[in-house]
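Shown next, in structure tokens, is the structure this report addresses.
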Amino acid sequence: MAFQKPKGTQDLLPGTVERWQFLESKAREVCRRFMYGEIRTPIFEATELFQRGVGETTDIVEKEMYTFEDKGGRSMTLRPEGTAGVVRAYVENKLYGDPDITKLYYIGPMFRYEQPQAGRYRQFHQFGIEAFGSSDPGLDAEVIALGHQFYKEIGLQGFTLEINSVGTPAIRAAFREELLAFLAPKKDLLCKDCRSRMERNPLRVLDCKVDQEHFAGAPSLLDHLDAECADHFDKVQSYLKEMNIPYDINPKLVRGLDYYTHTAFEFKAAGIGSIDTIGGGGRYNGLVSDVGGPEQTGVGFGLGLERVLLVLENQGAELPAATKPEVYFVALGEAAERRAVSLLNAVREKGIAAEKDYGGRKMKAQLKSADRLAAKYAAILGDDELLRGEIVLKNLATGEQEAVALDKLADRLLEGQ
RNA sequence: GAGGUCAUGGCGAAAUGGUUAACGCGACGGGUUGUGGCCCCGUUAUCGCCGGUUCAAUUCCGGCUGAUCUCCCCA
């Protein structure tokens, strides 16, 4: 084989792209109803944007970025996530000047240099939304509701929602000290991953799969929230209840990116190997100013389209397949061939999906193609039909045939749809 | 960044250190010089790449690449 696609990427071919188109159109439709407008930002940005926006000590920035130097000597990075670029565009285009809340969505590829596994790719695709300009917990709830509606509408079964409040950076810093004080005496009992987490990201330690026995009596972040944070969290929950969106509180939920404040949430579903997160997000009140904008709040959400699709396929959901032609033209002989070309074109102009043979093959082979493509009709045109000014329309499911005047073909097909 | 499993045709999938690499599906052609889906016949593979062992490698060994699964982490 001469060339292979880069590791962790995929070719989406006709027959499966329809599934992607389905997900994308549903995403757009839900955003339309929620009044989120599409934003398309560059696929690469200045490296520093992600360093500042995502967080210097995150795995993404430390080891997963596709970074390169352009010919002008600038360090550029293929976007590893969507929020930083959107925030940059929000600031650069001074959308904060809009008196109303700015609500944006995006769909597109993201890039992370990782070892691929089930539901994890180097180029993957996210659908995400960001809402700027309000700290109202109702907006957090709206963001969650949009995600919930999307999953529901694509037919996903059995997904769950977990929420948490991660407070403010100051609260987290204080909690972090207390947690480390709790963990320090147990350090030697913990697994090697936990010991490294203690240095890199202590809040994640409590989520460890193997060391749970040592965590009895551990402090909880939720107990350290100040009145404002607790009130915000309560209100988010009451809005979710108001909308009948079921959720669980997961006090150990910490998101992988540094910028979250207050609300953090994840949607989960089984069916992607060892991975269960299909989407997540939260509020990021400090991010806009971190990236050089004014003090402005934001809340958002991103979901992985590959993962959602894997779960759907795993659940045996009905998904759209390749387009089937309404009619397949079978032409016999040169004169019929010429006429078939014009009929084909005319029918297509009327909006009918139509195909014909281009191999000059015999009738049997042409009908076989029509059958294989699952055409509804075969339109058979030979010298006899040409003389009569007719074409034979054969219903391939029933085998019934009828002669149709050539100039009535398109109308006949349209009424049969 | 670490580890396990794997790599044969368009697809699924056997077997084998030696001269025809099963079988199934599909595709193409024919049986039926104008009727598909059923049936019958025929055709359809430089065994991922590079190197090594050997008289001989698709088969054994090593490296590479990729897939898949898992850890870290994440969508």
Side-chain angles (χ1 to χ4, degrees), chain A residues 1-10 13 15 54-55 57-64 79-83 107-128 147 191-197 200-201 204-205 207-210 254-257 266-269 272-281 300-311 328 330-333 336 357 359 361-386 391-401:
Chain A
M1 210 173 300
F3 289 106
Q4 294 177 293
K5 64 186 178 299
K7 182 171 179 165
T9 64
Q10 42 187 359
L13 308 175
V54 178
T57 61
T58 57
D59 269 35
I60 290 178
V61 170
E62 282 187 351
K63 57 180 197 185
E64 295 175 359
R79 64 182 184 197
E81 56 95 57
T83 302
I107 300 174
M110 308 292 162
F111 305 84
R112 290 182 202 172
Y113 190 88
E114 294 194 89
Q115 291 311 315
Q117 69 182 70
R120 173 181 293 158
Y121 302 89
R122 289 187 172 180
Q123 175 176 341
F124 60 103
H125 299 79
Q126 282 192 343
F127 156 44
C191 69
K192 80 169 175 33
D193 289 331
C194 275
R195 290 199 295 271
S196 92
R197 275 191 280 252
R200 297 161 44 82
N201 194 345
R204 300 208 77 89
V205 173
D207 225 359
C208 179
K209 294 174 187 107
V210 300
V254 184
R255 308 239 56 239
L257 294 74
E266 281 184 7
F267 285 98
K268 298 190 172 184
I272 332 175
S274 63
I275 292 171
D276 59 6
T277 301
I278 53 173
F301 161 59
L303 64 85
L305 292 174
E306 289 69 7
R307 289 188 180 179
V308 168
L309 195 52
L310 278 168
V311 176
Y328 189 100
V330 173
L332 306 162
D357 174 66
R361 297 140 82 212
K362 53 193 275 191
M363 186 176 197
K364 180 185 169 119
Q366 295 190 46
L367 279 166
K368 200 166 180 183
S369 287
D371 190 55
R372 185 168 43 231
L373 292 173
K376 189 166 175 189
Y377 296 102
I380 302 166
L381 189 65
D383 294 338
D384 299 350
E385 287 78 12
L386 275 181
I391 192 163
V392 171
L393 202 56
K394 174 168 185 168
N395 182 317
L396 288 172
T398 65
E400 289 167 30
Q401 297 192 175

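Everything quoted here is computed from the prediction, not taken from an experiment. Residue numbering restarts at 1 for every chain, and letters A, B, ... go by the order of the sequence lines.
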Report which part of the nucleic acid [X] touches: base, sugar-phosphate, or nothing (heavy-atom distance under 4.0 Å, all strands).
{"X": "A118(A)", "result": "sugar-phosphate"}
{"X": "Q115(A)", "result": "base"}
{"X": "G333(A)", "result": "nothing"}
{"X": "Q366(A)", "result": "nothing"}

Please tabulate, one pair per line, each protein N/O and nucleotide N/O from nucleotides 34-38 of chain B that are separated by under 3.5 Å, including the distance.
residue, atom, partner, partner atom, Å
G34(B), O6, D384(A), N, 3.2
G34(B), O6, D384(A), OD1, 3.4
G34(B), O6, D384(A), OD2, 3.0
G34(B), N1, E385(A), OE1, 2.9
G34(B), N1, E385(A), OE2, 3.1
G34(B), N2, E385(A), OE2, 2.6
U35(B), O2', K394(A), NZ, 3.2
U35(B), O2, K394(A), NZ, 3.0
U35(B), O2, Q401(A), OE1, 3.0
U35(B), N3, Q401(A), OE1, 2.7
U35(B), O4, Q401(A), NE2, 3.4
G36(B), N7, K394(A), NZ, 3.1
G36(B), N1, L396(A), O, 2.4
G36(B), N2, D371(A), OD1, 2.7
G36(B), N2, L396(A), O, 2.6
G36(B), N3, D371(A), OD1, 3.3
G37(B), O4', D371(A), OD2, 3.2
G37(B), N2, L396(A), O, 3.4
G37(B), N2, A397(A), O, 3.4

Applying a 3.5 Å limit to both distances, which nucleotide forms a Watson-Crick or G-U wobble pair with [N]?
{"N": "A57(B)", "result": "none"}
{"N": "U20(B)", "result": "none"}
{"N": "U68(B)", "result": "G4(B)"}
{"N": "G42(B)", "result": "C28(B)"}

Query raised in the report: Under 4.0 Å between a side-chain N or O of Q117(A) and OP1 or OP2 of U70(B)?
Result: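 Yes, Q117(A) has a side-chain N/O under 4.0 Å of OP1/OP2 on U70(B).
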
Query - Contact under 4.0 Å: R120(A) side-chain N or O vs U68(B) OP1/OP2 - result: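 No.
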
Requested in this report: Kindly point out which of U65(B), C28(B), G31(B) is positioned nearest to the side chain of K362(A)?
Outcome: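 It is G31(B).
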
Report task. When you get a sec, tell me which of C69(B), A75(B), C72(B) is the closest nucleotide to the side chain of R197(A)? Result ->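 Out of C69(B), A75(B), C72(B), the nucleotide with an atom closest to R197(A)'s side chain is C72(B).
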
Requested in this report: Would you mind telling me which residue lines up with the more 5' stretch of RNA chain B, R361(A) or G304(A), judged by nearest nucleotide?
Outcome: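 Its nucleotide being nearer the 5' end, the pick is R361(A).
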
Report task. Identify, between R255(A) and S274(A), the residue whose nearest nucleotide on RNA chain B lies closer to the 5' end. Result ->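 Counting from the 5' end, the first nearest nucleotide belongs to S274(A).
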
**Report entry** Output field: ring centroids F267(A)/F301(A) closer than 6.0 Å
**Finding:**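 When the ring centroids of F267(A) and F301(A) are compared, they turn out to be within the sub-6.0 Å range.
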
